[in-house]
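Below is one structure, written out as structure tokens, with a few remarks after it.
Both counts, for ligands and for their atoms, begin at 1 and track the order of listing.
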Amino acid sequence: MTESSRPTRVLVLNSGSSSVKYQLLDMADSSRLAVGLVERIGEKTSRLVHTPLAGGPDGAGKRERTGPIADHTAALRAVADELARDGLGLDSPELAAIGHRVVHGGLKFSEPTVVDDAVCAEIERLVPVAPLHNPANLTGIRTARELRPDLPQVAVFDTAFHTTMPEHAARYAIDIETADAHRIRRYGFHGTSHAYVSRKTAELLGKDPADVNVIVLHLGNGASASAVAGGRCVDTSMGLTPLEGLVMGTRSGDIDPAVTFHLERVAGMSTDEIDELLNKKSGLVGLCGDNDMREIRRRVDEGDPRAALAFDIYIHRLRKYIGAYTAVLGRVDAVAFTAGVGENAAAVREAAVAGLEALGLAVDAERNAVRSDEPRIVSPDSAGTVVAVVPTDEELEIAAQTFALVGGDRSGGEDRARAGRADDA
Ligand code: ADP
């Protein structure tokens with residue numbers, strides 16, 4: 001194939017336990033050609049929502065179908081069919097690669113990696129430390145390899161950006177032999193987002209990432225903070241699993257581990273029940289019954305005390321991490337808010353830095369109230385540290401990393417196309 005007709009499209013797949021999210025991007029200009037989601041895989045009420053975007057980002061041609069989709073193989077075949085209807089099928093010569101989000105890469109994978117049998121085996125070896133995520137990611141990879149065995153498949157790991165953490169941040173203070181025997185350490189997650197947002201924040205400041213220290217607050221349904229010094233992660237709030245750290249939609253975040261012994265010995269709960277309690281029934285939903293920040297803020301404004309307590313606990317934890325990472329970094333150039341809550345909830349940003357002028361932190365009420373998809377500064381010009389809102393784009397980052405690895409050029413105008421994220425398709 002000549003240089004000018006080199007394939008430039010990348011399909012990004014994010015395979016969860018019962019869902020597959022996907023986006024097809026053209027890395028020639030970072031435009032999105034289609035986004036979609038298959039959910040409730042394995043149930044009678046599976047649903048596929050597919051939105052072609054080639055004609056524009058408005059999603060006018062959105063298609064939806066419901067009915068049983070038995071497994072991930074059937075789901076990917078259905079996705080391939082939908083793409084083919086738009087002339088974007090997996091057999092297209094314009095498809096350069098498929099990029100897969102893989103949650104856990106352990107210590108081995110610090111970079112995006114072209115998938116072969118050995119890489120699949122290593123991802124499988126990590127299942128004990130990521131039992132909820134890695135099996136689904138692996139199924140997605142295997143199915144995609146079956147559908148297009150000749151096409152490069154690239155695994156992009158959520159943990160990769162955090163492999164630069166120094167040992168004193170990555171290790172738990174537990175018996176070192178036990179820890180090593182069972183690979184127990186802090187790996188961190190959401191790394192693709194932390195990498196993208198910290199780099200974009202440096203860009204927003206007009207500086208080289210190597211010269212900037214940033215605290216990134218990725219506040220979605222899952223939430224994590226990271227301390228990034230000169231473009232390298234030096235600490236992050238998630239640990240062995242995505243349970244540690246901030247208060248999340250349904251996860252407790254930091255907790256005294258003795259709570260688990262107590263629940264077992266005194267409340268008679270099984271390990272699986274405690275796992276479910278801390279991962280699915282805790283955090284905001286456990287505290288007030290809602291995990292959507294919009295709903296919580298609405299209830300707070302109506303004077304609901306449970307919602308107010310949940311909000312205060314959420315903010316208190318966030319402020320503790322901002323303080324801790326200020327100490328870890330020594331000098332902080334910017335605090336960047338991202339993901340669903342971070343990008344949209346002005347009240348969270350305001351409360352997170354309220355009264356922290358001594359740390360150089362403040363928001364300007366008018367700037368903070370602006371809604372936009374663009375990276376923006378919300379602190380007053382007089383503040384010592386920039387507070388910014390920097391929308392994340394994990395799919396674009398996965399596509400860029402995938403394309404770069406298979407011989408493309410990642411400088412292809414990644415800023416130009418942010419429309420149409422698959423998350424809420
Ligand atoms: P994830 O990818 O972890 O599922 P997202 O980054 O998409 O999560 O964030 C989802 C969350 O963002 C929702 O649960 C909700 O709490 C919050 N959110 C989305 N839009 C708004 C908004 N306009 N105001 C406040 N919170 C919002």
R9 vs F403 side-chain heavy atoms within contact, under 4.5 Å: no
Whether R294 and D292 form a salt bridge (side-chain N of Lys/Arg under 4.0 Å from carboxylate O of Asp/Glu) is what I want to check. yes
Can you tell me which residue pairs pass the side-chain hydrogen bond (donor to acceptor under 3.5 Å, both in side chains) test with a partner in residues 34-45, sequence neighbours excluded? E39-R47, R40-T45
Against heavy atoms of G222, which atoms of ligand 1 measure under 4.0 Å? 3 (O)
Within 45° of the ring axis of F311 and under 6.0 Å from its six-membered ring centre, is that where the NZ or CZ of R297 lies? yes
With heavy atoms and a 4.0 Å threshold, my read on which part of E295 contacts ligand 1 is neither
Flag the pair E397 and R199 as a salt bridge only when some basic side-chain nitrogen lies within less than 4.0 angstrom of an acidic carboxylate oxygen. yes
With a 4.5 Å cut-off on side-chain heavy atoms, are Y314 and R317 touching? no
Under-4.0 Å salt bridge between E203 and K200: yes
Within ligand 1, which atoms have a heavy atom of R371 less than 4.0 Å away? 23 (N)
G249 to ligand 1, any heavy atom closer than 4.0 Å: no
Residue part near ligand 1, for N291, under 4.0 Å between non-hydrogen atoms: backbone
Would you say N221 has any N or O atom under 3.5 Å from an N or O of ligand 1, going by distance alone? yes
What do you reckon, does G340 have a nitrogen or oxygen under 3.5 Å from a nitrogen or oxygen of ligand 1? yes
Ligand 1 to M293 polar contact by distance, N or O atoms, under 3.5 Å: yes
List every atom of ligand 1 that sits less than 4.0 Å from any heavy atom of A339, numbering the atoms from 1 in the order shown and giving each element. 6 (O)
Distance from K280 atom NZ to R251 atom CZ, nearest 0.5 Å? 9.5 Å
Could you list which atoms of ligand 1 come closer than 4.0 Å to a heavy atom of A345? 25 (C)
Below 4.0 angstrom from a heavy atom of V341, which ligand 1 atoms are there? Numbered from 1 as shown, please. 12 (O), 16 (O), 17 (C)
